[in-house]
Amino acid sequence: MEKELKHLLHLLEAENANIEWQSMMDKTTLNMSYQAWRHEPQTGPVVYRSRTVFEDATPDIVRDFFWDDEFRPKWDPMLAFFKTLEEDPQTGTTIVHWIKKFPFFCSDREYIIGRRIWESENKYYAVTKGVPYPALPKRDKPRRVELYFSSWIIKAVESRKGDGQLTACEVSLVHCEDMGIPKDVAKLGVRHGMWGAVKKLNSGLRAYQTARKAGVALSRSAQIARITTKLNMDLVETSRVEEEERGQAMEKARRQKEQFSVDWKLVVVGGVALACGLHSSAIGKALMVGAGQRLARR
């Protein structure tokens with residue numbers, strides 16, 4: 001999955017990426033801050049990015065939490081089924097099978113996800129993406145989501161308490177997927193369900209911290225999360241060089257547009273995101289009955 005890691009570096013560590021991001025949310029609670037944006041490319045699904053900072057949390061506990069499928073149903077009501085299909089105890093690479101519940105207007109969705117974690121300079125680089133899996137053929141229902149990319153960087157940051165201590169944890173995430181429903185409907189679902197999903201995420205993390213302090217044994221998923229790969233810094237440097245080349249290409253295109261009025265549109269996606277599930281109670285009020293009936297058949 002090194003190709004996907006390189007893609008992650010392009011997305012999350014591009015310092016000069018020029019892209020139009022629409023702000024969606026900027027909220028703060030007593031122990032968390034959250035910012036979210038979205039980008040709508042000309043083709044393909046909407047790309048979401050976010051920056052979440054959890055106070056009084058370590059990168060290790062957050063890493064384990066995100067990977068822990070056994071614990072996830074306690075805070076994520078959308079996860080109806082999970083199973084580990086394959087795992088590599090040498091690299092920590094796993095392939096997992098998920099089925100997620102969706103609101104009334106959309107049938108359940110199935111995911112075959114490959115995932116792996118790299119580590120460098122006290123940061124974790126986690127990649128999860130949809131992968132083919134011939135041993136588990138597609139079915140009519142639940143519909144399989146094949147275009148899926150959700151990856152993030154986890155690192156310690158200074159607490160907003162102002163004491164200079166790195167006791168907070170920042171999660172920078174980018175997410176996109178094609179669920180096979182109209183883009184406007186998906187956007188509506190994310191917008192209405194986002195904050196509720198984020199609050200559940202934070203509550204889940206705090207419950208996870210409590211369980212771990214109480215001595216609850218590590219699940220197999222969390223054990224695998226601890227098997228990381230040292231990040232090849234040559235890959236990081238290559239990513240930065242290629243990003244500079246992309247920036248130069250964009251600047252050249254901009255000058256050509258000014259000179260010749262050519263409609264150039266080069267897109268470089270940079271940043272981070274937390275993608276949220278569709279929230280049934282909010283969506284039910286927002287959708288027209290006719291649209292819901294049409295989508296229920298998909």
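Atom set for the values below is all heavy atoms of this structure, side chains included, hydrogens, waters and symmetry mates excluded. Being a predicted model, the structure only gives us computed values, none of them experimental. Counting from 1, the numbers follow the sequence of the chain as shown.
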- Is the CG atom of Asp163 crowded by more than 12 outside heavy atoms at less than 6.0 Å? yes
- Under the side chain to side chain contact (heavy atoms under 4.5 Å, CB included) test, residues paired with Gln22 that sit two or more places apart: Arg38, Glu40
- Message: If you count heavy atoms of other groups shown closer than 6.0 angstrom to NZ of Lys187, is the number above 12?
- Response: yes
- Query: Is the shortest heavy-atom distance from the side chain of Val47 to the side chain of Phe149 under 4.5 Å?
  - Reply: no
- Using side chain to side chain contact (heavy atoms under 4.5 Å, CB included) as the criterion, list what pairs up with Phe81, not counting sequence neighbours. Lys83, His97, Ile99
- Message: Restricting to salt bridge (Lys or Arg N to Asp or Glu O under 4.0 Å), what partner residues turn up for Arg144, sequence neighbours left out?
- Response: Glu110
- Using a strict 4.0 Å threshold on nitrogen-to-oxygen distance, state whether Asp68 and Lys74 make a salt bridge. no
- Item | Residues forming a salt bridge (Lys or Arg N to Asp or Glu O under 4.0 Å) with Lys27, sequence neighbours excluded | none
- Residues which pass side chain to side chain donor-acceptor pair (under 3.5 Å) with Thr84, listed by chain and number, not counting sequence neighbours: none
- Please identify each residue that fulfils ring-ring contact (aromatic ring centres under 6.0 Å, His included) with Tyr124, with sequence neighbours left out. none
- Query: Do Asn202 and Asn31 have side-chain atoms, one donor and one acceptor, less than 3.5 Å apart?
  - Reply: yes
- Item | Side-chain touch Tyr148/Ile113, heavy atoms, less than 4.5 angstrom | yes
- Query: So, does Thr228 use its side chain to make a donor-acceptor pair with the main chain of Trp118 at under 3.5 Å?
  - Reply: no
- Is the backbone of Gln165 close enough, under 3.5 Å, to the side chain of Ser159 for a donor and an acceptor to pair up by distance? no
- Query: How would you list, by chain and number, every residue that makes a side chain to side chain contact (heavy atoms under 4.5 Å, CB included) with Thr28, sequence neighbours excluded?
  - Reply: Ser33, Arg160
- Who else is in Leu166's hydrophobic cluster (ILVMFWY, side-chain heavy atoms under 4.5 Å, direct or via others)? none
- Query: Linking Ile, Leu, Val, Met, Phe, Trp and Tyr by side-chain heavy atoms under 4.5 Å, what else ends up with Val157?
  - Reply: Val53
- Message: Tell me if a side-chain donor or acceptor on Arg72 pairs with a main-chain N or O of Leu79 at a distance below 3.5 Å.
- Response: no
- Query: Hey, does Phe65 have a side-chain heavy atom less than 4.5 Å from the side chain of Leu201?
  - Reply: yes
- Item | Student check: side-chain heavy atoms of Val198 and Met32 closer than 4.5 Å | yes
- Task: Would you tell me whether Arg51 and Ser172 have side-chain atoms, one donor and one acceptor, within less than 3.5 Å of each other?
- Result: no
- Task: Please list, chain by chain and in numerical order, all residues satisfying side chain to side chain donor-acceptor pair (under 3.5 Å) with Arg212, sequence neighbours excluded.
- Result: Asp64, Tyr208
- Item | Within-4.5 Å side-chain heavy-atom neighbours: His175 and Trp152 | no
- Task: Go through the structure and list residues passing side chain to side chain donor-acceptor pair (under 3.5 Å) with Trp75, not counting sequence neighbours.
- Result: none
- Query: What residues form a side chain to side chain contact (heavy atoms under 4.5 Å, CB included) with Thr58, not counting sequence neighbours?
  - Reply: Asp60, Ile61
